[in-house]
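Chain A is the first sequence line, chain B the second, and so forth, proteins listed ahead of strands; every chain is numbered from 1. These figures come from a predicted structure and were not determined experimentally. FYI, side chains are in, hydrogens and waters are out, and symmetry mates aren't considered; it's all heavy atoms of this structure.
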There are 2 protein chains.
Amino acid sequence: MVRLPRNAPARDGFVTLRPTTKDLAQAAGVSLATVDRVLNGRSGVSASSTEAVHAAIERIGFERNIVAATLARQRGHRFLFALPETSTEFLDVLLDRIAEFRRASMGEMIQIGVLRLDERDPHRAARSLTAISAEDCDGVAIMAAETPQIRDAVQRMRERGINVVSFISNQPEAEGLPFVGIDNAAAGATAGRLMRRFLGPRSGSILVLADTMQGRDSLERRLGFDTIFAGALPQLQVRPTLESYGDPDRTQRVLANAFAAHPDVVGLYLIGMQPQLALATLASRPSAPITIAHERTPSTELALREGRLDAVVHQDPGHLVRSAARILRAQCEKRPILASQERIRIEILIAENL
Amino acid sequence: MVRLPRNAPARDGFVTLRPTTKDLAQAAGVSLATVDRVLNGRSGVSASSTEAVHAAIERIGFERNIVAATLARQRGHRFLFALPETSTEFLDVLLDRIAEFRRASMGEMIQIGVLRLDERDPHRAARSLTAISAEDCDGVAIMAAETPQIRDAVQRMRERGINVVSFISNQPEAEGLPFVGIDNAAAGATAGRLMRRFLGPRSGSILVLADTMQGRDSLERRLGFDTIFAGALPQLQVRPTLESYGDPDRTQRVLANAFAAHPDVVGLYLIGMQPQLALATLASRPSAPITIAHERTPSTELALREGRLDAVVHQDPGHLVRSAARILRAQCEKRPILASQERIRIEILIAENL
DNA sequence: ATCGATTTGAGGTGCGCACCTCAGAATTTT
DNA sequence: AAAATTCTGAGGTGCGCACCTCAAATCGAT
C-alpha cells in the first residue's frame with residue numbers, strides 16, 4: 001500500500017507523480033479556468049493563452065488524470081451496438097460478450113445497449129438508426145451490410161453528433177468511419193494457406209460455402225482464399241462459391257449437389273456465420289474433406305475437438321466489443337486512438353490450442 | 001454528451017444509475033462508516049452488521065464505483081516486473097510492451113518498474129528480490145526459473161505483504177501463486193499438431209532444439225509436442241532434444257551434428273527463446289525442413305514472411321503484461337479476479353495472419 | 001453495578017477534475 | 001471617448017469514495 005505524496009522523489013525504476021491542472025495553470029501563467037477552457041475545448045480563449053497552455057503541457061509533461069476526469073465529468077457514455085436481427089451462433093457469443101462488457105463497464109460509467117436491425121428491410125433498419133437521438137446515445141457500433149439506406153442513416157447520425165464505428169462487417173472506408181474487425185481478405189488467405197498446407201500433396205476439388213455472397217465480407221474472404229490457390233496448382237480446383245442463405249435444407253441440398261458433381265472433393269471452406277449447418281450435413285459422410293470454418297462458437301469448438309473441423313479462423317468477440325467501446329469513448333472525449341492497440345488479430349484455432 | 005441524473009429512468013436497452021455507498025448504508029440500516037469498514041475489510045465490525053451490509057449489497061445490486069474509488073484511494077499501485085538479465089528478442093519485445101503499458105497506466109495511477117534478475121546466480125537474483133520493500137512496491141511479476149533460492153525469496157516477499165504472480169515461466173503451483181502465461185504443454189501440442197499436419201505423408205526425423213532443458217517450460221513444451229507423435233507414427237522419429245544454451249556457435253554445432261546424424265530430417269521444432277540462432281544456420285541449407293518456433297519477434301516475423309519459418313506459436317506480450325498488472329491490482333484491492341478473462345491464448349501465426 | 005473492550009455513528013477532508021457564475025480586465029468597435 | 005465585445009481570473013460545487021477522528025452506544029465479564 002504505497003501512498004503517493006505529491007513531489008515524491010523518483011526511486012528505483014519508478015516515475016514521479018504527475019502534474020495536475022493546478023501545476024499546469026501555474027506553469028502556463030494562466031488561471032485554472034483558462035486551463036479548463038483549453039483542455040475541454042471551450043470557446044472564448046485567445047490564441048496566445050491557448051498557445052501558452054499547450055506549451056506548458058509539453059514542457060511539464062502534463063497528462064490529464066482520466067480517473068478524476070471521468071468521475072468529475074459526471075457523464076456516463078452510452079453506447080449502442082446495432083446488430084442484425086437474424087440470430088446466429090456467432091451473434092449469440094457476441095451478445096454474451098456484450099453483456100459481460102456491460103457489467104464490467106458499469107463501474108467505469110459506461111452504459112451499453114443493444115439494438116437489433118432488421119436485415120431484410122434496409123428501410124426499417126435505417127429508420128431504427130435514425131430514431132436514435134444524441135440525447136440518448138453517444139456512440140453506435142454498427143454491424144450491417146452496406147446499403148444506400150444504411151449509409152444515409154449513418155451519415156445523418158454523424159451529423160447529429162453521434163459517433164459511429166463500423167463493426168465486424170466493414171462499411172466503405174470512404175466515409176472515414178473507423179472500422180473494428182479483421183481484414184477479411186487476410187482472413188480468407190489465412191484459411192487458404194491452412195487448407196493448402198493441410199492438403200499437402202493431395203489433389204481434387206475444394207468447395208466453398210457462404211451464407212450469401214451479397215456481403216462484402218464473404219467476397220473479401222473468398223478473394224483472399226483464392227490468392228493462395230491462384231497460379232501453379234492444377235491439381236487443386238477451387239469451385240465456385242455455394243450459397244446457403246442460412247437455410248439448413250438449402251445447405252444440405254447445395255452441398256449434396258456439389259459433392260455429387262465433384263466426387264473428388266478434398267477441401268471444404270465454410271465462409272459464413274453458420275458453419276454448423278454444413279457440419280451437420282457432413283457428419284454422415286465417410287471420408288471427410290479438410291474442413292475450415294470461421295468464428296469460434298460452441299458448434300465449431302465441438303467440431304474441432306471431435307475432428308470434424310480441422311481449423312477455425314477466428315476474431316475474438318470480446319476484443320471486438322472492447323475495441324469498439326474504446327474507440328467510441330476516445331472519440332467522445334476527443335482523444336486520439338492508438339490504432340496499433342485496436343487491430344483485431346486473425347486467430348487460428350485447432351483442437352490443441354482451444 | 002449524456003448527463004446521468006440520479007434516478008434516471010430506464011430507457012431503451014440501458015440500465016439505470018447505480019446505487020452509491022450512501023444508498024447502501026441506508027439499505028443496510030447502518031452508517032456510512034460501517035459500510036466503509038465492511039467494503040474495505042477494516043476491523044471492528046460485528047458479524048451481524050457485516051451480514052446486513054452484504055445482504056443489502058445483494059439486494060440493491062451495489063457495485064463499487066471503481067473510478068471514484070481509485071481516485072479517492074490516493075494510492076498509486078507500484079508494480080515491478082522482474083525479468084531475466086540475459087537479453088533475447090522476446091524479452092526486448094516484452095520490455096517494449098511494458099514501456100507502452102507504463103505510459104498508458106500513468107493515467108490510472110499505476111506505476112511500473114522493471115528489475116533484471118541475474119539468472120546465472122540464483123543467490124544474487126534472490127537477494128535482488130529480497131531487497132524489495134513493501135514500501136516501494138505493491139506487487140511483483142516474476143519471470144524466473146524455479147530454484148530453491150527464488151522460491152524462498154518469493155515466500156519472504158509474500159510474507160512482507162507484497163503480491164506476487166509468476167510470469168510466463170511458471171513457478172510450481174503448490175504455493176498458490178497466480179500464473180500469467182500459457183499452458184506450455186498445450187503450446188507444445190499445438191506446435192506438434194501443426195508439424196504433423198504440415199508434414200502430411202512425409203517420413204523422416206524431427207529435430208527439437210531448446211535453449212536448455214533445465215526450465216520447466218521447455219520440458220512441458222517438449223512433452224506436449226511428443227503427445228502428438230506418440231504411438232502409431234513409425235514413419236516419423238522425434239529425436240532427443242538438442243540444447244543451444246543460447247550460444248550461436250553451439251547452436252550451429254549441435255544442429256550440424258544432428259543433420260549429419262539424421263540425413264532424413266523433415267521437421268524442426270525450435271522450443272527456445274532464440275529461434276533466430278537456428279534460423280541463421282538453416283538459411284544455408286538447400287531443402288528446408290518444416291520449421292516451427294515460439295514467440296513472435298522481428299526475427300521470427302521476418303522468417304515467416306520469407307518462408308524460412310512455417311508457423312510460430314505465440315503468446316501476446318501485451319496481454320501478458322496487462323493481465324499480470326490486472327491480477328496484481330485485483331489482489332491489492334482484494335478484489336476477485338476473473339480467471340476467464342486472464343487466460344492467455346496460444347496463438348498460431350503464419351505468414352498470412354501476421 | 002462497574003469497568004473495560006468492542007462496535008457504531010456522525011462528521012469531516014480531500015483526491016483531480018468538470019462545470020458553473022460573475023465580476024473585472026483587456027481588447028476591439030463605434 | 002464611450003460602448004460593445006472578447007477574454008480572463010477567482011471562486012465555488014460536486015462526482016463517489018477512502019480514510020480519519022472522536023464521542024456515544026453496546027456488549028461482555030467480573
Nearest-nucleotide pick for [X], side chain only, options being [options]:
X	options	value
B/Asn65	C/dT8, C/dC17, D/dC17	D/dC17
A/Thr20	C/dA18, C/dG16, C/dT8	C/dG16
B/Arg73	D/dC17, D/dA18, C/dT8	D/dA18
B/Leu71	D/dG16, D/dA18, C/dA18	D/dG16

Atom [atom1] of [X] to atom [atom2] of [N]: distance rounded to whole Å?
X	N	atom1	atom2	result
A/Glu51	D/dC7	CD	C1'	17 Å
B/Ile57	D/dG16	CD1	P	17 Å
B/Asp36	D/dT21	CG	P	13 Å
A/Lys22	C/dG14	NZ	C1'	10 Å
A/Arg42	C/dC17	CZ	C1'	10 Å
B/Leu39	D/dC19	CG	C1'	13 Å

So, do [X] and [Y] sit near enough that their side-chain heavy atoms are less than 4.5 Å apart?
X	Y	result
B/Ile327	B/Ser323	yes
B/Asn163	B/His77	no
A/Gln315	A/Ile168	yes
B/Leu177	B/Val164	yes

Between B/Ala69 and A/Val45, name the one whose nearest nucleotide on DNA chain D is closer to the 5' end.
-> A/Val45
Is the backbone N or O of B/Gly318 less than 3.5 Å from a side-chain atom of B/Arg97, with the two atoms forming a donor-acceptor pair by type?
-> no
Exam field: side chain A/Arg64 to backbone A/Leu39, donor-acceptor pair closer than 3.5 Å = yes
Enter the inter-axis angle for the ends of the helix from C/dA1-D/dT30 to C/dA23-D/dT8 (five pairs per end, rounded to 10°).
-> 30°
Any side-chain N or O of A/Ser46 less than 4.0 Å from the OP1 or OP2 oxygen of D/dC7?
-> no
So does B/Arg64 get a side-chain nitrogen or oxygen closer than 4.0 Å to the phosphate oxygens (OP1/OP2) of D/dA18?
-> yes
Is it the case that more than 12 heavy atoms not belonging to A/Arg343 sit under 6.0 Å from its CZ atom?
-> no
Any chance CD of B/Gln26 has more than 12 other-residue heavy atoms, nucleotides or ligands included, within less than 6.0 Å?
-> no
Contacts of B/Arg37 that satisfy side chain to side chain contact (heavy atoms under 4.5 Å, CB included) - sequence neighbours left out | B/Ala33, B/Thr34, B/Arg42, B/Val45
Give me, pair by pair, the N or O atoms of the protein and of nucleotides 9-12 of chain D that are less than 3.5 Å apart, along with how far apart they are.
unit_1: D/dG9; atom_1: OP2; unit_2: A/Ser31; atom_2: N; d: 2.9
unit_1: D/dG9; atom_1: OP2; unit_2: A/Ser31; atom_2: OG; d: 3.1
unit_1: D/dG9; atom_1: OP2; unit_2: A/Thr34; atom_2: OG1; d: 2.6
unit_1: D/dG9; atom_1: O6; unit_2: A/Arg37; atom_2: NH2; d: 2.9

What nucleic acid atoms does B/Asn40 come within less than 4.0 Å of, heavy atoms only: base, sugar-phosphate, or nothing?
-> sugar-phosphate
